[in-house]
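Chain letters run A, B, ... following the sequence lines, proteins first, then strands; residues in each count from 1. Please read these numbers as outputs of a predicted model, since none were measured by experiment.
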Amino acid sequence: MEPVGAVATRTDRAPSVEGLDAASLLDLHRRMVRIRVFETEAGRLMESGDLPGFLHLYVGQEAVAAGALATLTDADQITSTHRGHGHAVAKGAGFRKMFAELFGRVDGYCHGRGGSMHINDLSIGMLGANGIVGAGLPIAVGAAFAARYRGDGSIAMTFFGDGASNIGAFHEAANMAAVLQLPVVFVCENNGYAEFTAQARHMRLDDVADRAAAYGMPSEVCDGMDAVAVRQACRRAVDRARAGEGPSLVEAKTYRYYDHQGVKGLRKPYRTQEEIDAWKARDAIELLEARAAADGVVDAAEFARVWEETRADAVDAIAFARASPLPDPATLTRDVYTD
Amino acid sequence: MEPVGAVATRTDRAPSVEGLDAASLLDLHRRMVRIRVFETEAGRLMESGDLPGFLHLYVGQEAVAAGALATLTDADQITSTHRGHGHAVAKGAGFRKMFAELFGRVDGYCHGRGGSMHINDLSIGMLGANGIVGAGLPIAVGAAFAARYRGDGSIAMTFFGDGASNIGAFHEAANMAAVLQLPVVFVCENNGYAEFTAQARHMRLDDVADRAAAYGMPSEVCDGMDAVAVRQACRRAVDRARAGEGPSLVEAKTYRYYDHQGVKGLRKPYRTQEEIDAWKARDAIELLEARAAADGVVDAAEFARVWEETRADAVDAIAFARASPLPDPATLTRDVYTD
Amino acid sequence: MAVRELTYVKAYTEALHQLMGADDDVFVVGEDVAGYGGVFHMYDGLLAAYGERRMIDTPISETAIVGLGVGAAARGLRPVVDIMFMDFLAVCLDQLVNQAAKMKFMFGGEVRVPMVLTVAAGAGLSAGAQHSQSLEAWLAHTPGLKVAMPSSAHDVKGLMVTAVRDDNPVVMMLNKKLLGAKGAVPEELYEVPFGQAAVLREGTDVTVVALGRMVVEATAAAGTLAAEGISVEVVDPRTVQPLDTATIAESARRTHRVVVVHEAVTFGGLGAEIAAQVTDAAFDHLDAPVLRVGAPFAPVPFSPALENAYLPDRTRIAEACRQITKRS
Amino acid sequence: MAVRELTYVKAYTEALHQLMGADDDVFVVGEDVAGYGGVFHMYDGLLAAYGERRMIDTPISETAIVGLGVGAAARGLRPVVDIMFMDFLAVCLDQLVNQAAKMKFMFGGEVRVPMVLTVAAGAGLSAGAQHSQSLEAWLAHTPGLKVAMPSSAHDVKGLMVTAVRDDNPVVMMLNKKLLGAKGAVPEELYEVPFGQAAVLREGTDVTVVALGRMVVEATAAAGTLAAEGISVEVVDPRTVQPLDTATIAESARRTHRVVVVHEAVTFGGLGAEIAAQVTDAAFDHLDAPVLRVGAPFAPVPFSPALENAYLPDRTRIAEACRQITKRS
Ligand SMILES: Cc1ncc(C[n+]2csc(CCOP(=O)(O)OP(=O)(O)O)c2C)c(N)n1
Ligand SMILES: Cc1ncc(C[n+]2csc(CCOP(=O)(O)OP(=O)(O)O)c2C)c(N)n1
Ligand SMILES: [Mg+2]
Ligand SMILES: [Mg+2]
């Protein structure tokens, strides 16, 4: 895989903003900005030593979560990964509970028990981030099974990385979903790396999407820096799922701006500055703003207001999180079992 | 998958015996007959209550082991499955130690500790049957790694079923072998069933071979009732491996005559009599004998002698096994560790 | 009412049949559970009764099978997941121990995972080292899981009813060698509560705590020993997570001697946990250290000649009881 | 000669560096072990020294990674397999427990599987429930495996040398929170024998048997208690499979009181096994039941406020020692 070349190719494919109205574009934009702001603040807090534990930031990949989750309702279920903040935010999770969880406070989504890698919100169909690579995929298949079993019209969507497509759980989950023709969408966020290992060194395909054929499953590749393109590709897959036509795989080519974990590269450079710059030149949020402005669909001021509101939301949420009490050690063995 | 139709298709592809000399044909024949005789006797012994434990018989699939293992030397390593007798026999394992193991006697390959599912013979590169579906695949990848690491020119081959191609270990092993470009051949024995579940209900492809594309690995399908065809396909894969061109997948379409375990169907019919008859009409041994005779390459009397010798070998081996002592319980904790 | 007898395996099938009849949320998923009825015949007749919607045959994909159960359970269904041999847990343990077991706690308490995972455990059938293990020690050491080890047809049904109705992940360990064992089983649905040991036989000289099939062996040993004048109390914990230490310790305080028996290898087995808890709770009442009877430290051997010597049985249990009663 | 100090993690790297220098059959395989040098920096410099032939980066495929190790070891190489966090064992346990551990026995004795599996274990870094476990109890219960739990830089190097030279599969459990801890480490290659506990501090009132990082906590507690007039003997088994019961029991017979400490949850942990063995071996010498100090029965919590309370530490160990010495 030669990422810079790949970017060039994908530019050709990138759909225009046409066909999407202002509300839809603002919806995509708001989801992306909320992720960007949340993650940037989280990164800052981590750098300043305020947050315990690991932090796998989503900055750079916003178009994927935004585009994909714009196609779902709260009744639809998702499972996520170690890099899960973007999915939670785009699915509608609130900043207050999210920041509180990162701080390990009692008002967090997991009441401080889970941390970054276990954020979940059952009320909006967010079935959880996951610390085990690939483990969310079979769980999403189970959620899709439940949806069909009940005939409630909902579907499931699961996110996974290029690296995760090499683990057995991916293979088993994809085949199971295909054999049972379950309403689930597999969204591969291909950011070109599994930790510090480039895709070319962990698989011999350019497109993870090509693996779908092994399960008799339709797939497509889309530009993961273009929220509109992701939304369109996921919409097709979601429609198939809702129509009872079974699972699909959507691969979005994207990039993470920060390091695998945390903000700065730890020690060893494993990506070139040129590569990073080339991807940032096609930043998903800038791209959407520029296109919408060029097409005259959304007024730039509206975008500015989203940024402003979101930043204010983050300020509020961080203050809330800092003020939230630490969990009480006396509750340690609570919620291990339901009774 | 519609097995009978599939057979018809494969008949067209079936190569003739031309190009193989008498010695090569007799070699294939002898391997197949040895499997057939061993398994038939083992089945008989099981029916009469002489053998403890499970028995997954290989009868019907002889062309696969024979054709595949005719391409290897004793230095090459194989890993096998729960249905492993055929691979052991075709790799050169002796009847005496094999029968003794089935009887649970001290002179068996595992000294009575392993049983049918763990027969191995390191002296001929038989790295063991396996009771866990799919588990032999990564082990073969490790053997291939060792071969390349040492640069000793040997390769590895691993057998697995259509059903096994759905387990994560298959996916991971295939991808690992491809990424590291290791000298290993993946031989899928597609007998159309995983236990009592037909292929169409456990995957949505006709050819397991199509899964190789997910790893950037070459593959081909061959007629698993035609030992010559299997030999040719495996030869191409083995040559690639030896030439440093990495792994390949060969799928052989075949059929087991007996039940998944044991000899007779336990309770529920899950295959039709027509299907069974159609496959038996193309019995691998009969096919080879008939072709060789028609082409005039091998005299029928030579084939008859192989049968005779092999039957005598089985009689001898069974007597040997029956006479072999039971293992001594005092040795129970021996060989758990090397020291 | 005449006492009706059922085999251990049929008691399981009947429990499931009735539970499925009572609750549409209960379904079964696994390899060959539907069309074939399960390789151990555990699911016979359920496909005919409940159809393909609720009886799901799968590919050989244990991680996805258990994961399907986890996801469906998190969405409120009550999956019964079958993975055939307990040994196969090793290919799918993550979904059980890192997902199902921890989900509620990690998620902050909101979610429930009412999944039952059924496995066939135990040795004695010459099935070899990869098809004969008793791995309850791994599971009972995992917070979030419950683990049932029925020793009779009666308990199979009652524990299965409790398991399916439980809102936590439960592992049902059916013992392969007991599948055909008959016992009295009430026709109606009834629960055997988790965490309540059964005192199957009262005695005064020694308490034998036995798990799974070893209960049968312990009871037989108790009969033999009675003739020798040794009075054995047999306690069956029935679930090892939760574990009813109170009943065991109470018995120990009366008999002053405890033998613990299980099929698993002694080292690191639950016999150690039971011994530690009993010793802690009844230290001043014990005349001898708790004696553990388990398998020697080796994989399960194939040959019956070895496997018979490997597995604890009534003879070894009786021997242990004689030894411990002699000591003081 | 001046004593040279190294960190725990550098002692590991040095051992491997020297072992690879001495034996071409030793190689390392795992995710990000080569180019990046390991996420815990365990393999820094080894790619430069030994090249891509012997330092193998892999896809995220733990089953295939361990399987590669098993196959290569069965062919006579000496793989060092890294699977990062111990919790990830759950996705690849089959290759370790059903293949590597059982192979020699099942195969009738011919094969050897000289593989070392390195995992980073333990809690205390707010890594959450799926990145913090201590699962030695699963492994030590598995015949065929050996399990080392070094508590110091010195033992990391010595145990690693022994592990790589051992012809059996060995799991090296490195404790994440100890990675930066410094200690004296000889420059040359040396072995710390398996199955030989170290008596790190002699004492007369109570024996504390501690595993892994808990050794550090136990030693600190011993210091505190000395000031209170309680004399603590600290024993570090160093390997839990094999386990040096003799040394522990010998100590118990002198002190008459034993406390066992580990990070893992108490229920079903190796504290039970140690307690059972010690009680068996020294019953008449014990003034009190063995006291176990472990984690409460819950997954590892994320928030430091909870995790600190969850993990055993010097305070809880000291408290246990005070309690047990008060008893009699
Ligand atoms: C089973 C398992 N193996 C390894 C890891 C360590 N790990 C965490 S994230 C990661 C890389 C994942 O790569 P990818 O799927 O491409 O996702 P990305 O980080 O690029 O978003 C690895 C190896 C893990 N958490 N779980
Ligand atoms: C991990 C695992 N799952 C399930 C089984 C039980 N099992 C043994 S053989 C088999 C079917 C295998 O099918 P296939 O791979 O097609 O091989 P075949 O039996 O047809 O030769 C199953 C499910 C097992 N041994 N291991
Ligand atoms: Mg990635
Ligand atoms: Mg098959």
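- Both the backbone and the side chain of B/Asn130 come within contact range of chain C, judged by heavy atoms closer than 4.5 Å.
- A side-chain donor-acceptor contact under 3.5 Å links B/His85 and B/Glu39.
- Interface remark: B/Ser165 contributes no atoms to any contact with chain C (heavy atom separation under 4.5 Å).
- With chain C as the partner, the residue from B/Gly131, B/Ala135, B/Ser116 showing the most heavy-atom pairs under 4.5 Å is B/Gly131.
- Proximity to chain C (any heavy atom under 4.5 Å) is restricted, for B/Leu102, to the backbone atoms N, CA, C and O.
- Donor-acceptor pairing under 3.5 Å is recorded for the side chains of B/His260 and B/Arg83.
- The closest side-chain donor-acceptor pair between C/Tyr310 and C/Glu263, if any, does not fall under 3.5 angstrom.
- Using a cutoff of 4.0 Å between basic side-chain nitrogens and carboxylate oxygens, C/Glu52 and B/Arg201 are scored as salt-bridged.
- When the candidates B/Gly163, B/Gly134, B/Pro52 are compared by the number of heavy-atom contacts under 4.5 Å with chain C, B/Pro52 comes out ahead.
- For C/Leu125, the part lying near chain B is the backbone, with the side chain staying farther off; criterion is any non-hydrogen pair under 4.5 Å.
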Inset, instruction - Applying side chain to side chain donor-acceptor pair (under 3.5 Å), run through B/His202 and B/Asn166 and close with a yes or a no. - result: CA-CA 8 Å; B/His202 71 64; B/Asn166 295 319; 2.8 Å; yes

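- Heavy-atom distances place the backbone of B/Ala164, and not its side chain, under 4.5 Å from chain C.
- No part of B/Phe170 comes within reach of chain C, as not one of its non-hydrogen atoms sits under 4.5 angstrom from that chain.
- Counting heavy-atom pairs closer than 4.5 Å to chain C, the top-ranked of the candidates B/Ile132, B/Asp328, B/Leu326, B/Val133 is B/Ile132.
- Inspection of the B/Tyr58 and B/Tyr258 side chains reveals no N or O donor paired with an N or O acceptor under 3.5 Å.
- Between B/His171 and B/Tyr215, the side chains place a donor N or O and an acceptor N or O closer than 3.5 Å (distance only, hydrogens not considered).
- Ranked by heavy-atom pairs under 4.5 Å with chain B, the first of C/Ser303, C/Pro304, C/Gly128 is C/Ser303.
- With a 4.5 angstrom heavy-atom cutoff, C/Thr63 does not touch chain B via any of its atoms.
- Checked by atom type, the side-chain pair B/Tyr109/B/Asp121 shows a donor-acceptor distance below 3.5 Å.
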